[in-house]
Amino acid sequence: MTAEESTYVATLPLVLAELEVARVERVSPSFVRIELAGDELAEFGTPGPVFDQRIKLIFPNAAGTLPSFAAMDDSWWTTWIEIPEDERGSMRTYTVRDVVGEGTDTRLVVDIVVHEAHEDDPLDGAGNRWALQAQAGQRLVVLAPRKGHEFGGIEWSPGNATRLLLVGDETAVPAIRGILRDLPSDARGAAFLEVPVDADVLDDVAAPAGVSVTWLPRNGGARGEDLHAAVLAHLTGTAPAEPIAVDEEEVDPDLWETPVYSSSGEQVVEATAVPTDDSPFAGLYAWIAGESKVVTGLRRKLVKDLGLDRGQVAFMGYWREGVSMRS
């Protein structure tokens, strides 16, 4: 990044910077851990705990180059999208796993879900391809929160909830790990994490004593089936007799709404007011993320069948099977 670019992007209400890969680790069959470094990360910061903070990474284009941001202004998204597709590289959204160090030694740690792709594999997206060959010294562009500004990207908003439910597949594991890490010590609830295989169960996911953590490796089984069954058994004492089926047209369109940023790049998530009446699920706040059909099916079950208030359930379609996400 040139001096001109560095001077300009420092005025934006977000960190928009080219960073260097300081470390790469294949921590399991389905996770590659990337540690990103750069002086600009001294300005990274959130108003409170990191929780499930989302950031965006821009991967190099086919020629191995990254876009220039010298001409960017506050409407960075419009400017970026107007760059010819074969020049701008690929933007993908990830959750911050960890922030380590301080000042100009600050580093962002991101876990990227990977799999060995086959020809014409619809899941072989830009992030997967890049992470499988990632090496220290390579460079990426990051869009992340800047200290003193509300960048958005944190969906965790339990408000006055007295018990918690976290549910996600492998793409949500970093976010759930962050939420569990930042919960108060007296938190109560349960977390359910679905991963592809046994070897993807990570031993560094810790939670307060009052929050149980259940790992559910698919090991070739149907996506979401054991996850749905475990969550419903936890809530009702009984697993469903049949898998939850979701048709394509049933996928909630809210899962695909693009976050709206103001001209200054701000997006604010309001705290949730969780009902505290005498219903069986009073005081419960559920956070569900992962593949869109799995999320839709479980949310439908909780809201329509079990009667949870819509505001008690935060739900995010991180990806959709058979569709390559572009931002």
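Cluster partners of Val197: none. The rule joins Ile, Leu, Val, Met, Phe, Trp and Tyr whenever side-chain heavy atoms lie under 4.5 Å apart, and it links nothing here.
For the pair Arg88 (side chain) and Ile83 (backbone), a donor-acceptor distance under 3.5 Å is present. Checking side-chain atoms of Arg26 against main-chain N and O of Pro29 turns up a donor-acceptor pair under 3.5 Å. Within the 3.5 Å criterion, the main-chain N or O of Asp309 finds a donor-acceptor partner in the side chain of Gln312.
Taking the side chain as every heavy atom from C-beta outward, Val173 and Asp111 never approach each other to under 4.5 Å. For the pair Asp226/Arg218, no side-chain contact is recorded, criterion being any heavy-atom separation below 4.5 Å from C-beta on. Put simply, the side chain of Ile176 does not reach to within 4.5 Å of the side chain of Phe192, judged on heavy atoms. In this structure the side chain of Leu143 reaches within 4.5 angstrom of the side chain of Ile58, judged on heavy atoms. Here the side chains of Thr238 and Leu232 are not in contact, with every heavy-atom distance at 4.5 Å or above. At least one side-chain heavy atom of Ile55 sits under 4.5 Å from a side-chain heavy atom of Val110. For the pair Trp130/Ile112, a side-chain contact is recorded, criterion being any heavy-atom separation below 4.5 Å from C-beta on. You'll find the side chain of Leu298 stays beyond 4.5 Å of the side chain of Phe315, heavy atoms only.
Within the structure, side chain to side chain donor-acceptor pair (under 3.5 Å) contacts touching residues 199-213 (residues at least two apart or in different chains) are Ser28-Asp200, Ser30-Asp200, Arg97-Asp204.
No more than 12 heavy atoms of other residues, nucleotides or ligands shown are found within 6.0 angstrom of CZ on Arg188.
Distance CD1/Ile154 to CZ/Phe51: 7.5 Å, rounded to 0.5 Å. Interatomic distance, CD of Glu155 versus CD of Gln53, reported as 10.0 Å (0.5 Å rounding). Leu302 CG to Ile288 CD1: the interatomic distance, rounded to the nearest 0.5 Å, is 5.0 Å. If you take OG1 on Thr296 and CD on Glu291, they are separated by 8.0 Å, rounding to the nearest 0.5 Å. To the nearest 0.5 Å, atoms CH2 (Trp215) and CD (Glu194) are separated by 11.5 Å. Taken from CG in Leu164 to CH2 in Trp156, the straight-line distance is 4.0 Å, to the nearest 0.5 Å.
Taking the side chain to side chain donor-acceptor pair (under 3.5 Å) definition, one finds that Glu82 meets it with nothing, sequence neighbours left out. Qualifying side-chain contact (heavy atoms from CB on, under 4.5 Å) partners for Asp198, counting only residues two or more places apart in sequence or in other chains: Pro217, Asn219. Under the rule for a side-chain contact (heavy atoms from CB on, under 4.5 Å), the partners of Arg23 that lie at least two apart in sequence or sit in another chain are Glu25, Glu35. In this structure Gln138 satisfies the side chain to side chain donor-acceptor pair (under 3.5 Å) test together with Gln133, sequence neighbours excluded.
A continuous path of Ile, Leu, Val, Met, Phe, Trp and Tyr side chains, each step under 4.5 Å between heavy atoms, connects Ile81 with Met91, placing both in one hydrophobic cluster. Tracing side-chain contacts under 4.5 Å through hydrophobic residues (I, L, V, M, F, W, Y), one reaches Val205 starting from Val27; they form part of the same cluster. In the hydrophobic clustering of ILVMFWY residues, with side-chain heavy atoms under 4.5 Å counting as a link, Val15 and Val109 come out apart.
The closest side-chain donor-acceptor pair between Trp319 and Asp169 falls under 3.5 angstrom.
Under a 4.0 Å N-O distance rule, the pair Asp98/Arg177 qualifies as a salt bridge. Contact check on Arg223 versus Glu170 returns a salt bridge, with a Lys/Arg side-chain nitrogen under 4.0 Å from an Asp/Glu carboxylate oxygen.
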Show your working on side chain to side chain contact (heavy atoms under 4.5 Å, CB included) between Tyr94 and Val142 and close with a plain yes or no. CA-CA 10 Å; Tyr94 294 93; Val142 68; over 6 Å; no

Please report the C-alpha distance between Thr46 and Val99 in whole Å, then the side-chain angles of each, then the deciding distance to 0.1 Å, and finally whether the side chain to side chain contact (heavy atoms under 4.5 Å, CB included) criterion is met. CA-CA 11 Å; Thr46 61; Val99 183; over 6 Å; no

Determine whether Leu57 and Leu36 satisfy the following criterion, side chain to side chain contact (heavy atoms under 4.5 Å, CB included), listing intermediate values before the conclusion. CA-CA 11 Å; Leu57 298 179; Leu36 297 169; 3.9 Å; yes

